[in-house]
Amino acid sequence: MQDQYRTVARAGVHETEVNRSRFLCALAPAASEREAQEFVAAVRKEHADATHNCWAYVVGADASVQRASDDGEPGGTAGVPMLQMLLRREMRYVVAVVTRYYGGVKLGAGGLIRAYGGAVGEALDAVGTVTRRRFRLATVTVDHQRAGKLQNDLRTAGREVRDVRYGEAVTIDIGLPEADVPAFRAWLADATAGTAGFELGGEAYGDT
C-alpha cells in the first residue's frame, strides 16, 4: 500500500476563460469508480447545453484505475491532459469534469491541451487538496476510571481518536502510523499502569 496520497479537500467548481471559450472545471472526491462515473453523469446533465464535457478520474491510492474522455474534442487534447495534471499533482480518489462553452475562436491542439490541463490545475489550487496518510487501526480498552484522562492525553498527543464506545469497559479506536506502534505500546502501558488492553487491526487512510 502507498504510505500516503493526495485528494481534493471538497467538491468545487472553478472557471477559466481562454480566447472567449469558458472552461468550468468541476472537481470532487470519488471513493470508487462508480462514484466518479455518477459525478460525471451529474455534471453532463447539468451542462447538457455545453459544447463538451470532458472528464478524467483516478481511483486507488496506487492510481490503479485511470480513465479519461475527450467527449468530441480532437483525440488526446482534453481527457489525457486532464488525467496527466491529476497524476502530476499526485491526486488520487478524485474526478474532474471540464465543461467547455465554445467562444467562437479555435484553439488548435496545443491550445486545447494547455486549456484543459490548465483548467484542472487552477481548479485544484482553488478548491484545495489534503494529504491522507496510511494508518494502522488499533483498539485500546480501558476502565471507566481512566478513560476520560486517557482520551484527553491521546488528543493532546495528536493521536487520531476515531471512535469511543462505552460498555463494561471503554473501547477507544485510534489510528497510528506503523512506525509509532512500539512507542505507543510503551506509552500506553505507562499512562495506564499496565491496565489497558491494546489490539492492532487493519489499515486505513486518514487526513494529516
Can you name the nearest heavy-atom pair linking [X] to [Y], along with the distance?
| X | Y | result |
| --- | --- | --- |
| Pro81 | Ile113 | CB-O, 3.7 Å |
| Val95 | Ala36 | CG2-O, 3.9 Å |
| Pro29 | Val8 | N-CG2, 3.4 Å |
| Val18 | Ala115 | CG2-CB, 4.2 Å |
| Gly103 | Ser21 | N-OG, 3.0 Å |
| Pro74 | Leu112 | CD-CD1, 3.8 Å |

What I'd like to find out is whether the side chain of [X] reaches to under 4.5 Å of the side chain of [Y], using heavy atoms alone.
| X | Y | answer |
| --- | --- | --- |
| Val170 | Asp143 | no |
| Val120 | Met82 | yes |
| Val140 | Thr171 | no |
| Arg132 | Arg6 | no |
| Arg159 | Asp180 | yes |
| Glu73 | Leu107 | no |
| Ile172 | Thr139 | no |
| Leu137 | Leu200 | no |

Starting at [atom1] of [X], measure out to [atom2] of [Y] and round the result to the nearest 0.5 Å.
| X | Y | atom1 | atom2 | value |
| --- | --- | --- | --- | --- |
| Glu90 | Thr129 | CD | OG1 | 10.5 Å |
| Leu154 | Lys149 | CG | NZ | 10.0 Å |
| Leu83 | Arg88 | CG | CZ | 10.5 Å |
| Phe39 | Leu27 | CZ | CG | 7.0 Å |
| Arg136 | Ile174 | CZ | CD1 | 12.0 Å |
| Arg44 | Ser69 | CZ | OG | 6.5 Å |

Side-chain donor-acceptor pairs of residues 185-197 under 3.5 Å, sequence neighbours excluded:
| residue | atom | partner | partner atom | Å |
| --- | --- | --- | --- | --- |
| Thr192 | OG1 | Leu188 | O | 2.8 |
| Thr192 | OG1 | Ala196 | N | 3.3 |
| Thr195 | OG1 | Arg146 | NE | 3.2 |
| Thr195 | OG1 | Thr192 | O | 2.6 |

So that I can tick it off, tell me whether [Y] and [X] are bridged by a salt bridge, with the cut-off set at under 4.0 angstrom between side-chain N and carboxylate O.
| X | Y | answer |
| --- | --- | --- |
| Asp173 | Arg165 | yes |
| Asp62 | Arg92 | no |
| Arg100 | Asp71 | no |

Worked check of ring pair (Phe, Tyr, Trp, His ring centres under 6.0 Å) between Phe23 and Tyr101:
CA-CA 7 Å; Phe23 292 86; Tyr101 286 92; 10.0 Å; no

Walk me through it: do Val65 and Tyr57 pass the test side-chain contact (heavy atoms from CB on, under 4.5 Å)?
CA-CA 8 Å; Val65 178; Tyr57 57 79; 4.0 Å; yes

Donor-acceptor under 3.5 Å ([X] side chain, [Y] main chain):
| X | Y | value |
| --- | --- | --- |
| Glu46 | Ala42 | no |
| Asn53 | His47 | yes |
| Thr156 | Asn152 | yes |
| Thr51 | Tyr102 | yes |

Verify side-chain contact (heavy atoms from CB on, under 4.5 Å) between Arg89 and Asp125, making sure each step is shown before the conclusion.
CA-CA 10 Å; Arg89 295 287 193 92; Asp125 291 338; 3.1 Å; yes

Kindly state each residue pair satisfying ring pair (Phe, Tyr, Trp, His ring centres under 6.0 Å) with at least one member in residues 60-96, sequence neighbours excluded.
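Qualifying pairs, neighbours excluded: Tyr5-Tyr93.
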
Say whether [X] and [Y] are linked into one hydrophobic cluster, either directly or through other cluster members, by side-chain heavy-atom distances under 4.5 angstrom.
| X | Y | answer |
| --- | --- | --- |
| Leu124 | Val58 | yes |
| Leu86 | Tyr116 | yes |
| Phe198 | Val164 | yes |
| Val127 | Val43 | no |
| Val181 | Leu150 | yes |

Could you check whether atom CD of Glu122 has more than 12 heavy atoms from other residues, nucleotides or ligands sitting under 6.0 Å from it?
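Enclosed: over 12 neighbouring heavy atoms sit under 6.0 Å from CD of Glu122.
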
Taking atom CZ as the centre, does Arg114 end up with more than 12 heavy-atom neighbours from other residues, nucleotides or ligands that are less than 6.0 angstrom away?
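No, the 6.0 Å shell around CZ holds no more than 12 heavy atoms from other groups.
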
Results of side-chain contact (heavy atoms from CB on, under 4.5 Å) for Val13 - residues two or more places apart only:
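Listed in chain order: Leu24, Ala26.
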
